[in-house]
Each structure stands twice: as structure tokens, then as C-alpha cells.
Protein chains: 2
Amino acid sequence: MSRINVLVVEDEPLIATDIEEYLTNVDYKVSTIAKTKTEALNALKNHDFDLALLDINLGNNMDGFDIANTINSHYGIPFLYLTSYSGKNIVNQAKVTRPMGYILKPFEEDDLFCSIEIALYNHGQNQRPQNLCLRTINDQIFLKITSKEFDILEDIFEGKTNKQMATKHYVSINTIKSHVKNLYEKLETHSRSGTIVRIRELMNN
Amino acid sequence: MSRINVLVVEDEPLIATDIEEYLTNVDYKVSTIAKTKTEALNALKNHDFDLALLDINLGNNMDGFDIANTINSHYGIPFLYLTSYSGKNIVNQAKVTRPMGYILKPFEEDDLFCSIEIALYNHGQNQRPQNLCLRTINDQIFLKITSKEFDILEDIFEGKTNKQMATKHYVSINTIKSHVKNLYEKLETHSRSGTIVRIRELMNN
DNA sequence: TGCATTTTCACCCAAAAAGGTGATTTTAAA
DNA sequence: TTTAAAATCACCTTTTTGGGTGAAAATGCA
């Protein structure tokens, strides 16, 4: 497995080399340090990065936000802001660009490492199975789903048949049918696929 | 708009009150401070939180991970770890629980504020409806799905029955069954719900 | 301890889906 | 215009689901 390839965007050379050293120490690879927006966009165009670390303020401009937007629309890699701005205003501007983290200067090697690891992992998982949440569902329906019923619901959501569920849970298929029937009543559905659709809806509110 | 309701899980009273003060300063509401796993789970059961801040280590146990798992499966609120562990091992254990952030002690008020704001925003945005894409699907299977079959597939994904589809498309139910059969062959599935699961997978790559 | 809920299971019937075979008509491309 | 692929439809059998009724354990609280 090759090392994670990082783009560092930072206009202050001293800080940039600091970051580079930190990242190298924890086994990431810094293949480019960009000092301006132009350099950053160029690097993005010409290389494949796994992650970007963005300073928001580059030479008196909030160019970090622009870079973030370009990353979102064109490259889809995760990124974190490394900045000394902590004001409400800036943070609100920053959050709508959907960074995976916001680290305030000064920071330490470990801060960087932990946040990056979480960011990379979450980014990788984000286009992935959506998992159900009992509370979210129950908040939206009148007759509440019990925890056993919830287990069955998860299996239905995974496409399992009654027989498979009976085997998995070491109970009679009749028991499964009973749970399924109760689920349909509580969710006001009448079929497995209809139930999956319903759950998709409930989990998106 | 009422203030963000935060659950703080921290076994060290001094740190807990520090966190509470920080959060109150930046206009969050700390409605519960839990010192043990039991207290935390109880609080989650009895209150509606918008966010949780978890210490990983509670009295010599890694109970923070358990709490995180319960949050994911039962409550679906975003959470951040506040901890002094920065080892690779711990971080790797932590990331699979999908925290929205990982903040190392000691931290400051602003660190907390920035990370929480990002976490809350990203969590809120993460739920989205998904739509199918023929190209994406066909790129991943050997026998390609035709455009008519794709129409049927969309209906299956929406939970429709064969009869409903027949009515909608002005064809015999036998025709629908024929299309469905072909879809199962091409997608290597054997049921409607299994097909929905398969499509979910194919659309997430 | 007693009561309510949950979980377990059985049996029955009807409806829907799954699986197979075969065949005709349309459509689109060579 | 021939030909292959796609779309249409029929019929049949078996399996799985859905829907209804009822009831005995097990569990969890009060």
C-alpha cells in the first residue's frame, strides 16, 4: 500500500515546512506545497492527491474557500482547513464548503495525524451503506418498533429472506413472519421492498 | 432556534466542568455530564441530544467506543472524541466508530467550537436521496441492462409490484415478469429486495 | 409478586413472486 | 433487407410472502 499523497496549501514557508515534516514523520507523502490559489489548482489538475490541507488565507485573500469549492466540484478528495481564524463568521463560511476538519493553529503533529486519519476514513465510508437508526425511525412513527423487530428490519433492509433470518436468529420461521407482520403494521407497508423504500425515506429526515 | 444540546461524557470532573464552561461560552447547552458508560447510555435513552463529546477512556475501560457504537445504531447523532490518546492503534479503533472529529487534550475553546460547527453541519448534510444511473450500473456488470429493463429496475427500487408496473407501463403483467426475470439474471439476484440491495451497492462505487 | 409487553411459535389461506419454456412482434443496426 | 437484439405475451409449477387468528413462554417493570 502506497503512502497517502497530500497536497499542502500554505503561503507561509516556515509553517509549510513544519507541516511537511509532521506529515512525513507519520508516514504521509507531501508531493506538493502550493503557496497560491493558482499553484494549488494547477497541482490538483496535474496530480492525484488523496487529501488536501488548506490554509484559508493566502496573501490577504480567502482563496482557501475557492480551492475547496473546486476540490468539491472537480476532484472529490477530502480536505481539512489549517488556519488561525476561529471567528464565527469564518467558520460559517468554511463549513458550507464541507471540509472534513478544521484545525486551529498552532497545532501539533498528533492533532494533524488524528484528524487526518478520521477524515480519510470517513470520506471513504461516506459513499457507503447507510445504516439504520432505531431512534430516528421511531421518532416518526406512532407504534414504536421494538429492538428485536429492529434487528429483523435491518435484515429486511439487507435483502434477507424469512428463512435466512430464521437460521441466523435461531428461531422458527413463524417467529420471523410474526415480527415481519408487526413491522408492516407499524411502518404501514405491505411488502419487503415497500418497507425498504419507507426506511430510506425515514432515514433521510 | 434553541441552543444545541450536548452530551458530555468525561470521567474527570475538572475537565468536564472545563468543557461545560467552554461550550456555554460559545452558546451551546450542556444538559448532561456523564461520568460512566451506564450514565451515558441512560442519558441517551432519556434525552434528545444534538451532539455528544466522548472521552474514550472511562475509568480504565475503552467505554467510549461502546457508547459510540450505541449512538450509531440507536440515536444517529454526531459525536466527537475528546481524548489524550493519539496512538495509531487507538485512532484506528476510533475511526471505525465514525466520529465526526477527534480532538486531542489539551484543547482550547476555539478548537472545540470550530470542530463542533463543522461536525454538526456535515452531519446534517450527509443524508441524501439516491438515484440510479444506468451507465454506472452497466459499467460494473457483464450482461448489460437495456433501457426498458432499467425503467422496470427503477420501479423495483421504488417498491412497486409487478401489477403496478404493468398498469403504469400499459403492458401485460407477463411482460413485466419477463423483464424482472432478465434483470435478476443480469444482476445475479433472486428477489426484489436482494435486487434493491445490489443496486445500492452498485450505485456506491 | 403481579402485570404488561415482547418474543416466541403454530396453522391456515390467499396473493405475489420466482423460475422455466416457448413464441410472436418490434426495433435497431449491419 | 436481412438479422440480431429487445420487447412483448402465455402458461405452468413451486416457493415465498402477506394476512388473519390465537396462544404460550419470556422479559421487564412497578
Side-chain angles (χ1 to χ4, degrees), chain A residues 132 134-135 137-138 141-199, chain B residues 38-39 41-46 70 73-74 132 134-135 137-138 141-200:
Chain A
L132 310 189
L134 183 52
R135 158 91 46 117
I137 294 169
N138 272 343
I141 60 181
F142 179 64
L143 292 169
K144 307 307 178 190
I145 290 170
T146 68
S147 87
K148 193 73 201 176
E149 284 164 356
F150 182 67
D151 292 342
I152 302 301
L153 185 60
E154 289 187 302
D155 287 340
I156 289 179
F157 197 74
E158 293 306 320
K160 295 208 166 51
T161 65
N162 291 340
K163 199 189 287 183
Q164 289 176 315
M165 291 189 261
T167 305
K168 173 181 169 187
H169 295 284
Y170 304 104
V171 294
S172 156
I173 196 171
N174 294 302
T175 304
I176 301 296
K177 285 170 113 180
S178 173
H179 288 311
V180 171
K181 207 186 320 167
N182 291 332
L183 282 169
Y184 288 172
E185 197 190 335
K186 295 179 179 182
L187 293 167
E188 299 173 273
T189 54
H190 308 277
S191 71
R192 300 170 106 66
S193 43
T195 300
I196 296 178
V197 174
R198 184 81 216 279
I199 291 304
Chain B
T38 314
E39 283 179 31
L41 296 182
N42 245 308
L44 285 163
K45 196 181 293 180
N46 297 314
T70 302
S73 63
H74 286 69
L132 309 190
L134 181 54
R135 163 79 62 96
I137 294 170
N138 273 342
I141 59 181
F142 179 65
L143 292 168
K144 309 307 180 189
I145 290 170
T146 68
S147 86
K148 192 73 200 176
E149 283 165 357
F150 182 68
D151 292 343
I152 303 300
L153 185 60
E154 288 187 303
D155 287 340
I156 289 179
F157 197 75
E158 292 306 321
K160 295 209 166 50
T161 65
N162 292 341
K163 199 189 289 183
Q164 289 175 317
M165 291 189 262
T167 305
K168 174 180 167 187
H169 295 283
Y170 304 103
V171 294
S172 155
I173 196 171
N174 295 303
T175 303
I176 301 295
K177 285 169 111 177
S178 173
H179 288 311
V180 172
K181 207 188 318 165
N182 291 333
L183 281 169
Y184 288 171
E185 198 192 334
K186 295 179 178 182
L187 293 167
E188 298 174 274
T189 53
H190 308 277
S191 71
R192 302 172 102 67
S193 44
T195 301
I196 296 178
V197 173
R198 185 80 215 281
I199 291 304
R200 260 197 330 246

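Residue numbers start from 1 in every chain, and the chains themselves are labelled A, B, ... in the order their sequence lines are given, proteins ahead of strands. These numbers come from the heavy atoms of this one structure, side chains and all, not from hydrogens, waters or symmetry mates.
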Engineer: Can you confirm if the NZ or CZ of B:R200 lies within 45° of the ring axis of A:F157 and under 6.0 Å from the centre of its six-membered ring?
Structural biologist: yes

Engineer: Which is the 5'-most and which the 3'-most nucleotide of DNA chain D that has an atom under 4.0 Å from a heavy atom of chain A?
Structural biologist: D:dT16 to D:dT21

Engineer: Counting only heavy atoms not in B:K144, do more than 12 fall under 6.0 Å of its NZ?
Structural biologist: yes

Engineer: Determine the contact category for A:S178: base if any of its heavy atoms lies under 4.0 Å from a base atom, sugar-phosphate if only primed atoms, P, OP1 or OP2 are that close, otherwise nothing.
Structural biologist: base

Engineer: OP1 or OP2 of C:dG20 less than 4.0 angstrom from a side-chain nitrogen or oxygen of B:K181, does that happen here?
Structural biologist: no

Engineer: Is it true that, when you exclude A:E188 itself, more than 12 heavy atoms of the residues, nucleotides or ligands shown sit nearer than 6.0 Å to its CD?
Structural biologist: no

Engineer: Quick one: does A:H179's side chain get under 4.5 Å of A:K148's, heavy atoms only?
Structural biologist: yes

Engineer: Find out whether A:S178 and A:T175 are in side-chain contact, i.e. whether some heavy atom of one side chain is under 4.5 Å from a heavy atom of the other.
Structural biologist: no

Engineer: Shortest non-hydrogen contact from A:D155 to A:H169?
Structural biologist: OD2-NE2, 2.7 Å

Engineer: How would you label the contact of A:K148 with the nucleic acid (heavy atoms, under 4.0 Å): base, sugar-phosphate, or nothing?
Structural biologist: sugar-phosphate

Engineer: Is the closest side-chain heavy-atom distance between B:F150 and B:I137 below 4.5 Å?
Structural biologist: yes

Engineer: Between A:V180 and B:H179, which residue's closest nucleotide on DNA chain D lies nearer the 5′ terminus?
Structural biologist: B:H179

Engineer: Given axes from five pairs at either end, by how many degrees does the helix from C:dT1-D:dA30 to C:dA30-D:dT1 bend, rounded to 10°?
Structural biologist: 60°

Engineer: Heavy atoms under 4.0 Å, any strand shown: does A:N162 hit a base, just sugar-phosphate, or nothing?
Structural biologist: sugar-phosphate

Engineer: What integer distance in Å separates A:L183:CG from C:dT7:C1'?
Structural biologist: 13 Å

Engineer: Would you check, one step at a time, whether the test salt bridge (charged side-chain N to carboxylate O under 4.0 Å, His left out) holds for A:E158 with A:K168?
Structural biologist: CA-CA 13 Å; A:E158 293 306 320; A:K168 173 181 169 187; over 6 Å; no

Engineer: Could you tell me whether the phosphate oxygens of C:dA18, OP1 or OP2, come under 4.0 Å of any side-chain nitrogen or oxygen in B:R192?
Structural biologist: yes

Engineer: Please report the closest heavy-atom contact between A:N138 and A:I145, naming both atoms and the distance.
Structural biologist: OD1-N, 2.7 Å

Engineer: Is the closest basic N to carboxylate O distance between B:E154 and B:K160 below 4.0 Å?
Structural biologist: no

Engineer: Where along residues 169-177 of chain B does a heavy atom fall under 4.0 Å from DNA chain C?
Structural biologist: B:K177

Engineer: What is the distance from CG of B:N182 to P of C:dG20, rounded to the nearest Å?
Structural biologist: 12 Å

Engineer: For B:H190 and C:dA16, give me the distance from atom NE2 to atom C1', rounded to whole Å.
Structural biologist: 18 Å

Engineer: What do the steps show when you test B:N42 against B:E39 for side chain to side chain contact (heavy atoms under 4.5 Å, CB included), and what is the final call?
Structural biologist: CA-CA 5 Å; B:N42 245 308; B:E39 283 179 31; 5.6 Å; no

